[in-house]
Amino acid sequence: MAVTKPYQGDERSSAEVDRSFSIPVADWSSWWVLLLMAMSARTEGAFAAFVREVEPRLRQALVATYGPVDGREATVDALSWAWEHWDRLRDVRNPSGYLYRVGQSAVRRFGSRPLPVSVFRATDVASPDLSPELVPALARLSSQQRTVVLLVHAYGWSQADVATLLEINASTVREHMNRAIARLRDELEVRNAC
Amino acid sequence: MPADVIEQLRMLRDVLDVHAAPVTLDDLRRTKMTIQLEPESTNVIHPESVGHTEPGNRWTKRALAVAAVLVVIVGLAVLGRQDRAATTPGSGNDTPSTVGSPDPSTALTADELAALDIPAGSTLRVAKVLPGTGTVSVFDTADRSQICMATSFVEGGSSGGCTDSGVVSTGEYWSFVQHSHSRSVPALLLGITATDIGFSVTVNGRIVEPDADGIWYALIPLDTSEFTITTNDGSTVVPLGHPETTPPVVASPGSVPNVAANQSSTTSSTNPPSTDTTVPVANRAPIAIGDQVMLGAKEQLESAGFVVDASASRQASDVIELIRGLRTEGRLGNTVVIHVGTNGEVTNDDLAAIMTNLPPEEVASVWFLTDYADRPWIAANNQRIMALPSSYTNVQVGYWHAFAASLPGMATDGVHLASNEAKQTYAELIATWTGITP
């Protein structure tokens, strides 16, 4: 039977309470709090496992695109975003690819640095074992070419894995890679010949 | 002998790993600010959310979310006890919402977006970009001074408009086309920005590479009837309309006058072009002023009917003096083309000084070409150049940097015109943009 008497705050008495409720309000709240705490702990555990699984490849992909400094920073931002939108992310078919694009957005929000300058600065990856022209040549590649060629040849990804992460066709990956290698060879040979 | 490129790339991994250490949960916990990001594939724009960044951190948001749930639970319990009494406080209406990204359900509909009445020249905000479900419609405009764009990436509808500047905002789908009807040279220019890595553009079966800013440009032959945009969800064939059959969707109230079309007829006169001060202004030859890039195509430009003054290492300050002298001598005609900035910064003051001597009542059409070189000042130069039409009604921009990026025959330095093909294309582009016929 419905109770039509309006809410009366602290003045209500037990006699005015709908007897159909068998559990007091305090018990309801306690029960839900416990449930939420349990769910929260479970969520954190799942997120930690998610980070362990996704982080290495996400970082490699963003580093391949934006260089080690901006790429790692974008990885932090993308994973932070993942935590905030964890419920949504669990239903995403390709979470790594999804977060890669979140990372791309993050780089664009980093601020005033113009892209060609922020991408792959030679000072980020200076090494005596590498040709000094390699990193500048990488920086001159298109973003997609650089990403593909580094993921495949530096990080050892399969072309199929790259295609899955970037959500492009395998043939497109192959084309980017071949063009990038040809261009790198061309530029390094020209510079070395000078 | 240096190692092969592939071997060097393998070696590069170790260097990259040192400089980009794994991201741990502790790194994430140290993140102070909430990251307000949306992947572009689900980007939504709400009037109140444009340009707005929520402060706070994720722990605060979690606490708010938990508090909100508790309030709801308590409210429901009380409601139940009162059997949904209408006067119950603390119900869902008082529940604080979880702050953060806008709810997709609140994204603008096409009608709502249209109701915003986005002015010409402004940035079109796209609500709910759904790659693969939208299409791009590119319309030629009879008025070549106008860059017209029309996009229909909005779910369930379309939105579009024309912009009289070439300014592109990062992360938006954007397209424009320039079209000359008078010459059979590649003259269509397509620019699309897309942050979706799965986005690609194919013209006549050839994949077009985006530039470093993620902008796709393509030289599109005039007889091209369509191009293909491929997204994560498949391919969309985009027809290229013609003014005769597909009128522009929206007229731009702020567009500049069609001065190029006007002067095209004047320069097609049978009289030979000249900068002689005794020759009427309308019959004076168009003047092309530039640096070493233009110098490479001097012969081709002269064949096209231009009087060329180009020299290596030229700076913007040199151009100021040169134009001042030409004006003083009364040698300026209806059309002036300026391509400078390869060798150094072109400031707004430089541009203002140049334009002081090229007033619209004296020079109907001034074309500035954007710069292309792997040098730090280029991007800023181009931004300033591309912003000129919003300040000067007689200025139009030729997007050289868009073409140079994919132009065969460029020198290995990526700046100079090496092959005859490149030089010819450079000259023909300028002739096409300006409507000059030899």
Side-chain angles (χ1 to χ4, degrees), chain A residues 2-4 6-7 17-18 21 25 28-29 32 36 48 51 55-56 59 63 68 71-72 75-77 79-81 83-84 98 100-102 104-106 108-109 114-117 124-125 127 129-131 134 140 142-144 149-150 153-155 166-168 172 175 181 184-185 188 190 192, chain B residues 2 5-6 8-13 15-16 19-23 25 27-28 31 34-35 37-41 58 61-62 66 69-70 73-74 77-78 80-89 100-101 170-171 195-198 200 207 209-214 232 374 376 379-380 412 414:
Chain A
V3 177
T4 55
Y7 175 71
V17 172
D18 181 359
F21 272 87
V25 173
W28 273 88
S29 300
W32 275 104
L36 283 170
V51 170
E55 187 275 339
R59 173 169 43 87
V63 166
R72 187 180 185 280
T75 306
V76 172
D77 284 355
L79 290 173
S80 298
W81 185 94
W83 170 245
E84 293 170 16
Y98 197 87
Y100 176 76
R101 285 188 286 283
V102 173
Q104 288 183 300
S105 297
R108 290 187 171 88
R109 292 172 66 95
L115 265 177
V117 175
D124 295 340
V125 288
S127 167
D129 297 328
L130 300 173
S131 164
L134 177 63
R140 284 192 290 270
S142 75
S143 172
Q144 283 181 314
V149 77
L150 282 175
H153 289 299
Y155 289 115
L166 303 182
E167 297 185 343
I168 58 178
T172 307
E175 185 163 350
I181 289 294
L184 288 174
R185 283 196 171 122
L188 265 60
V190 168
N192 289 332
Chain B
V5 165
I6 292 177
Q8 288 198 51
L9 289 171
R10 288 198 189 98
M11 295 160 62
L12 187 61
R13 174 179 183 159
V15 184
L16 293 175
H19 288 81
V23 175
L25 287 175
D27 292 325
L28 301 180
T31 303
T34 295
I35 312 300
L37 294 174
E38 284 285 330
E40 269 60 40
S41 57
R58 63 181 181 277
K61 289 173 64 178
R62 276 187 65 200
V66 171
V69 171
L70 287 174
I73 291 167
V74 172
V78 173
R81 291 166 64 86
Q82 299 298 326
D83 201 16
R84 298 182 183 87
T87 57
T88 300
S101 58
T170 302
T195 53
D196 182 354
I197 194 71
S200 64
I207 293 178
E209 298 287 352
D211 72 3
D213 292 326
N232 296 334
D374 185 18
T412 54

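Throughout, a chain's letter reflects where its sequence line sits, starting with A, and its residues are numbered from 1. Computed from heavy atoms alone, side chains included, the values below leave out hydrogens, waters and symmetry copies.
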*Asks:* Given a strict heavy-atom distance threshold of 4.5 Å, which part of A:L79 is in contact with chain B: side chain, backbone, both, or neither?
*Replies:* both
*Asks:* Measuring from atom CG of B:L12 to atom OH of A:Y155, what distance do you get when rounded to the nearest 0.5 angstrom?
*Replies:* 7.5 Å
*Asks:* Heavy atoms, side chains only, cut-off 4.5 Å: are B:I6 and A:R185 in contact?
*Replies:* yes
*Asks:* Measure distances from B:A21 to the heavy atoms of chain A and classify the residue's part below 4.5 Å as side chain, backbone, both or neither.
*Replies:*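 For B:A21, the contact with chain A is made by backbone and side chain together.
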*Asks:* Quick check: closest heavy atoms across A:P68 and B:L16, and the distance to 0.1 Å?
*Replies:* CD-CD2, 4.0 Å
*Asks:* Test side-chain contact (heavy atoms from CB on, under 4.5 Å) on A:L184 and B:Q8; report intermediate values, then the result.
*Replies:* CA-CA 11 Å; A:L184 288 174; B:Q8 288 198 51; over 6 Å; no
*Asks:* Quick one: closest heavy-atom pair of B:R10 and A:H153, and the distance?
*Replies:*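 Looks like CG-O, 3.4 Å.
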*Asks:* Please report the shortest heavy-atom distance between B:V23 and A:R59, naming the atom on each side.
*Replies:*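 Taking every non-hydrogen atom into account, N-NE, 4.1 Å.
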